[in-house]
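Okay, structure first, notes after.
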Amino acid sequence: MKKTTRLLFAAIIGLAAFQTPSFADQDDSDGSFGTRYSVGVDKKIRKGFHVFADEEFRLDDTFSIDRMYTTAGVSYKPLDWLKLGVGYSAINVSKVNKDTGADYWDWRHRLAADVTGTCRVGEWKFSLKEKFQATYKTREVFEKEKPQTALALKSRVKVSYNFRRAGLEPYAAFEHKLTLNGAAWDDLSEDMFKFKESEYLGLNDVFTSRLRTEAGIEWKISRSSSIDIYGKMDTITEKDIDCKKNKGVLKQPITTAERNFFIAGIGYTFSF
């Protein structure tokens, strides 16, 4: 157990050492970098029914806390190949006041429901996960620019191989995130001279907001303890909508930009 603890500590230090501001600038649209660290528990209530909770810290490329996630939920397997889950997350996002320069925490609340189908072929495991989530922002939001409650659908395919004797399970995954209720305007903004005539159409803009590729390895270090070490590459699509609140017209044409975001992470789970 002491050896395992030393290895876990070394992995965390390794991720910390990989954090260098020169790797990427968060203001650089070509890419950015962050790390994630989490600790969780999973309690079996009865066969197929579990409750879980975890705490996750997300750090930016200056090794400062960017946001914290506190999550709790339940999962149920009515069939060996089918898993259902619901959960709640309290999200604390680090922000800077544009007027005063003071730091503050921006609280958000998220409800999520998911369904996962799994197929096993020998030591191989293939799965498809569909997850719907609603994230409520506690601070006032101008809904002609963004929704107060953001709705999204995530679809993930994953493949893994179980080296049972070694307790290792490497995996690879791909995830598509669909924003379901972005602020929508008609397309007059394509004409640089007519964007002020654009009409607000409501919160009905549906678009791909993120594509994620992921690779990692789960390490079963004992019957009750496991570690997940992973890397993720996100391609994020962002829309910049700037609207005059008093008139409800655009200040400038709507622009769309893509940026890449790389994540290195490690998580520990205790199951009982």
Side-chain angles (χ1 to χ4, degrees), residues 19 21 24-29 31-40 53-73 86-114 131-154 175 177-184 200 202-203 205 207-210 212 232 234-246 248 251-252 254-265 267:
Q19 286 272 40
D25 186 347
Q26 282 196 322
D27 296 327
D28 182 357
S29 60
S32 55
F33 177 72
T35 55
R36 300 180 181 180
Y37 310 89
S38 64
V39 176
D54 66 74
E55 185 72 25
E56 180 180 79
F57 295 87
R58 299 187 178 183
L59 279 61
D60 61 23
D61 57 10
T62 64
F63 208 59
S64 300
I65 294 178
D66 177 53
R67 53 187 71 193
M68 297 182 292
Y69 283 64
T70 303
T71 301
V86 293
Y88 162 78
S89 296
I91 306 170
N92 211 355
V93 183
S94 177
K95 294 283 188 178
V96 177
N97 189 297
K98 294 182 179 179
D99 298 324
T100 65
D103 296 332
Y104 69 93
W105 291 106
D106 182 7
W107 280 96
R108 300 173 187 181
H109 303 281
R110 174 175 295 170
L111 293 175
D114 60 78
K131 182 177 183 179
F132 173 80
Q133 65 182 38
T135 306
Y136 173 75
K137 301 178 180 67
T138 57
R139 297 179 66 87
E140 184 179 357
V141 170
F142 186 41
E143 291 201 335
K144 290 185 177 180
E145 295 180 352
K146 63 185 70 175
Q148 187 80 41
T149 302
L151 306 178
L153 179 66
K154 298 179 181 179
E175 183 179 84
K177 180 181 178 182
L178 192 67
T179 291
L180 301 176
N181 66 332
Y200 174 65
L203 295 174
D205 188 13
F207 63 97
T208 297
S209 52
R210 188 187 70 204
R212 167 177 290 173
K232 309 181 188 208
D234 292 350
T235 299
I236 301 170
T237 299
E238 299 172 318
K239 292 188 177 183
D240 184 13
I241 302 176
D242 194 0
C243 177
K244 293 182 180 179
K245 294 184 179 181
N246 56 342
K251 295 181 182 179
Q252 59 187 19
I254 296 173
T255 58
T256 300
E258 282 190 359
R259 65 183 179 90
N260 292 322
F261 186 73
F262 179 73
I263 303 159

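Since the model is a prediction, treat every value here as computed from it, not as a measurement.
Within the 3.5 Å criterion, the main-chain N or O of Q148 finds a donor-acceptor partner in the side chain of E143. No donor-acceptor pair under 3.5 Å is formed between the side chain of D66 and the backbone N or O of D60. Formation of a donor-acceptor pair under 3.5 Å by the S89 side chain with backbone atoms of R110 is not found in this model. Checked by atom type and distance alone, the side chain of D234 never pairs as donor or acceptor with a backbone atom of I236 at under 3.5 Å.
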**Request:** Report the C-alpha separation of T256 and T237 in whole Å, then their side-chain angles, then the decisive distance to 0.1 Å, and conclude whether the side-chain contact (heavy atoms from CB on, under 4.5 Å) test is met.
**Result:** CA-CA 7 Å; T256 300; T237 299; 3.6 Å; yes

**Request:** Report the C-alpha distance between R67 and R108 in whole Å, list the side-chain angles of each, state the deciding distance to 0.1 Å, and finish with yes or no for side-chain contact (heavy atoms from CB on, under 4.5 Å).
**Result:** CA-CA 11 Å; R67 53 187 71 193; R108 300 173 187 181; 4.2 Å; yes

**Item:** Check against side-chain contact (heavy atoms from CB on, under 4.5 Å), R212 and K177
**Value:** CA-CA 8 Å; R212 167 177 290 173; K177 180 181 178 182; over 6 Å; no

**Item:** Residue pair R139, Y104: steps toward the side-chain contact (heavy atoms from CB on, under 4.5 Å) verdict
**Value:** CA-CA 12 Å; R139 297 179 66 87; Y104 69 93; 3.6 Å; yes

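S209 and T179 get closest at one heavy-atom pair: OG-OG1, 2.8 Å. Closest of all the heavy-atom pairs between W105 and M68 is CH2-CE, 4.2 Å. Nearest approach of L178 to T208, heavy atoms of both residues: CD1-N, 3.9 Å. Listed here is the closest heavy atom pair of Y136 and T149: CD1-OG1, 3.3 Å. A184 and Y200 make their closest contact through O-CD1, 3.5 Å (heavy atoms, listed as atom of the first residue, atom of the second, distance). Residues T235 and N260 approach most closely at OG1-OD1, 3.1 Å, considering heavy atoms.
Between the CH2 atom in W107 and the CD1 atom in I91 there is a gap of 10.0 Å [rounded to 0.5 Å]. Atom CZ of R36 sits about 3.5 Å away from atom CD1 of I263, to the nearest 0.5 Å. Here the CD1 atom belonging to I241 is positioned 10.5 Å from the CD atom belonging to Q252, to the nearest 0.5 angstrom. Of the inter-residue distances, the one linking I65 atom CD1 with D103 atom CG reads 12.0 Å to the nearest 0.5 angstrom. A distance of 12.0 Å separates CD in E238 from CZ in R210, rounded to the nearest 0.5 Å. Note that the NZ atom of K137 and the NE2 atom of H109 stand 12.5 Å from one another [nearest 0.5 Å].
In this structure, D114 and K154 have side chains that are not in contact, with every pair of non-hydrogen atoms separated by 4.5 Å or more. Taking the side chain as every heavy atom from C-beta outward, F132 and L151 approach each other to under 4.5 Å. Here the side chains of S32 and F262 are not in contact, with every heavy-atom distance at 4.5 Å or above.
Around atom NZ of K146, no more than 12 heavy atoms belonging to other residues, nucleotides or ligands sit under 6.0 Å away.
The aromatic rings of Y37 and F63 sit perpendicular, their planes meeting at an angle over 60°, well past the 30° parallel limit.
Taking 4.0 Å as the cut-off between side-chain N and carboxylate O, R58 and E56 count as a salt-bridged pair.
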